[in-house]
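Hydrogens, waters and symmetry mates play no part in the numbers below; they use all other heavy atoms, side chains included.
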Amino acid sequence: MSLYLCVIAAVLCFIASRHSLVSGVFVLLAVGYTYGIMRANAPDSYSHFIFDAAVLGFCAAQLSRRMSLAEEHRIKSIKPWTELLIAWPILLFMIPNQDFSVRLLGLRANILLLPFMIVGARLSDKEKYDLAMLLAILNLGVFVIAIAEFFMGVESFFPRNGVTDLVYLSKDVAGYSAYRIPSTFIGSHAYAGTMVMSLPFLIGALHQTNKRVLHKWLVMTALAGSLLGVLLAASRSHFIGAAAVIMVAMFSVGSRRGNFIGWVLILATVAWLVSGEQRLQRFTQLQDTEMITQRIAGSVNMSFFELAGTFPLGNGLGAGTHIPYFLSANIQNPVATENEFGRIVLELGVVGLGLWVAFIVWLLIQPGPSRSDPWFIGRRLAWVTCLIYFGLSLVGTGLLVSIPQTCLLLLNVGWVATRRPERATRNSFASRESLNGYSPGLATNVPG
């Protein structure tokens, strides 16, 4: 069954991507949103590659499409970095210091999703708006499933097997009496992280003057559902990410009092729901400074520097990646690490770490658009999201392999790195988009 699902996912993504970039991204993300629950209910070896097949279908369609001049201009700055970050793992793949199957999966983990940085840069203003509406639908869909799991139990949706171990190890909510809610994802962290990564697109869409009333209420409902989803998933790190994005959004719209009041109403509603349910309050553990200090100390430690000294060229691709359980015994000289940068050293060596650090610094110092840009707020929130999550990588792993969170992160990365067209060219692009029914501009009535 899972082999058929791989084929179906690849074909659907190929067909949708041939239709349009946004359609392809939407179908791909839909596969990613449901990947966890499909894999849990079809727990054979092929189920691990359902999303990979979808990505290959998407990429195959995009390779056969010619980019417009506007798209080529937008990706001009991010393209060399993407090629460089892909080239280094390919070079290391030639070093036979791990089993071939492990190196192949390591190659998959280190380069398969990186092209989404270019996809994020390619998106036009109209395409970002269309994607935001589709993300709102996806987020509401998985929120409905999350609510069902909350009341009916996770067991009704995720059978116990080797694939769902992570779900059933997460019974640490409300005094270790309840599970974190994974919705349709492989785990609660993937659910919460995906919700946070979608916020720049959703909030950015609220600042468009062309939005319909129905679209406004759709996005606002999706925002509330997304924030509640983070709390249902009971992830403290993703709560920090969501809180940072919302705070920046609230104080970035200060031109109108109604904007701020709208956010207060949304947050007050969420707070009222949370106050009466202990299972939504795991984030309050962030008040325990001793626990937080110990958690950080356990992740950011000297073992990171020891890894760099012991494995200057890495311990081999796949040596630090979460590979399928049926291949874990093939890893030679296994070494554990507690943060994403340690994983990069373990797999890509000191050079790979240097490339990623240089890229992150370059990304975060890119000049932002002017305040007259219709997506100014969305792009600012994308920058905040990148900053927060690259920072949180110091205390956890999986940032570059989480499905579909990583895709959305890299879309945000590409958005931040987008090279904006000159004013005259931009006006020409805007005219074309207007002819297609989209008129970008700053909104005068965001939440509320």
From [X] atom [atom1] to [Y] atom [atom2], the distance as rounded to the nearest 0.5 Å:
X: Asn139; Y: Leu223; atom1: CG; atom2: CG; result: 8.5 Å
X: Ser23; Y: Leu134; atom1: OG; atom2: CG; result: 7.5 Å
X: Glu149; Y: Ser188; atom1: CD; atom2: OG; result: 10.5 Å
X: Trp375; Y: Ser124; atom1: CH2; atom2: OG; result: 9.5 Å
X: Leu411; Y: Thr406; atom1: CG; atom2: OG1; result: 11.0 Å
X: Leu231; Y: Ile181; atom1: CG; atom2: CD1; result: 12.0 Å

[X] versus [Y]: any side-chain heavy-atom pair under 4.5 Å?
X: Tyr389; Y: Val196; result: yes
X: Val384; Y: Leu387; result: no
X: Cys407; Y: Met197; result: no
X: Val245; Y: Ile203; result: yes
X: His189; Y: Ser402; result: no
X: His238; Y: Gln405; result: yes
X: Val163; Y: Phe158; result: no
X: Ile137; Y: Leu218; result: yes

Closest non-hydrogen atom pair between [X] and [Y], with its separation:
X: Thr194; Y: Pro404; result: OG1-CD, 3.5 Å
X: Ser183; Y: Val142; result: OG-O, 2.6 Å
X: Leu92; Y: Glu347; result: CD1-O, 3.6 Å
X: Thr82; Y: Leu114; result: CG2-O, 3.8 Å
X: Leu399; Y: Ser393; result: CD2-OG, 3.0 Å
X: Leu381; Y: Ala249; result: CD2-N, 3.8 Å

Leu199 and Thr385: CA distance, side-chain angles, deciding distance, side-chain contact (heavy atoms from CB on, under 4.5 Å) verdict:
CA-CA 9 Å; Leu199 294 180; Thr385 302; 6.0 Å; no
Does atom CH2 (Trp362) have a neighbourhood of more than 12 heavy atoms from anything else shown, all under 6.0 Å?
yes
Near Met67 CE, under 6.0 Å, is it more than 12 heavy atoms from other residues, nucleotides or ligands?
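More than 12 heavy atoms, drawn from other residues, nucleotides or ligands, come within 6.0 Å of this atom.
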Can the ring centres of [X] and [Y] be said to be less than 6.0 Å apart?
X: Phe58; Y: Phe14; answer: no
X: Phe390; Y: Phe359; answer: no
X: Phe100; Y: Phe93; answer: yes
X: Trp356; Y: Phe341; answer: no
X: Tyr129; Y: His207; answer: no

Stepwise side-chain contact (heavy atoms from CB on, under 4.5 Å) test for Thr184 and Phe157:
CA-CA 8 Å; Thr184 58; Phe157 297 84; over 6 Å; no
Check the pair Leu21, Leu123 against side-chain contact (heavy atoms from CB on, under 4.5 Å), reporting the backbone distance first and the verdict last.
CA-CA 8 Å; Leu21 180 61; Leu123 292 172; 3.8 Å; yes
For [Y], is there any backbone N or O sitting under 3.5 Å from a side-chain donor or acceptor partner on [X]?
X: Tyr179; Y: Glu155; value: no
X: Asn161; Y: Thr164; value: yes
X: Ser47; Y: Ala42; value: yes

Which one of Leu202, Thr221, Leu135 satisfies the side-chain contact (heavy atoms from CB on, under 4.5 Å) criterion with Ser226?
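Answer after filtering Leu202, Thr221, Leu135: Leu202.
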Using side-chain contact (heavy atoms from CB on, under 4.5 Å), reason through Leu28 and Phe116 one step at a time and then give a plain yes or no.
CA-CA 11 Å; Leu28 177 71; Phe116 283 90; 2.8 Å; yes
With no hydrogens and no angle check, do the side chains of His48 and Tyr35 hold a donor and an acceptor under 3.5 Å apart?
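Checked: His48/Tyr35 side chains show no N/O donor-acceptor pair below 3.5 Å.
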Residues Arg18 and Ser64: side-chain donor-acceptor under 3.5 angstrom
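Yes - a donor-acceptor pair under 3.5 Å links their side chains.
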Any idea how Trp415 and Phe201 line up, ring-wise: parallel (<30°), tilted (30 to 60°), or perpendicular (>60°)?
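The arrangement is tilted - the two ring planes meet at 30° to 60°.
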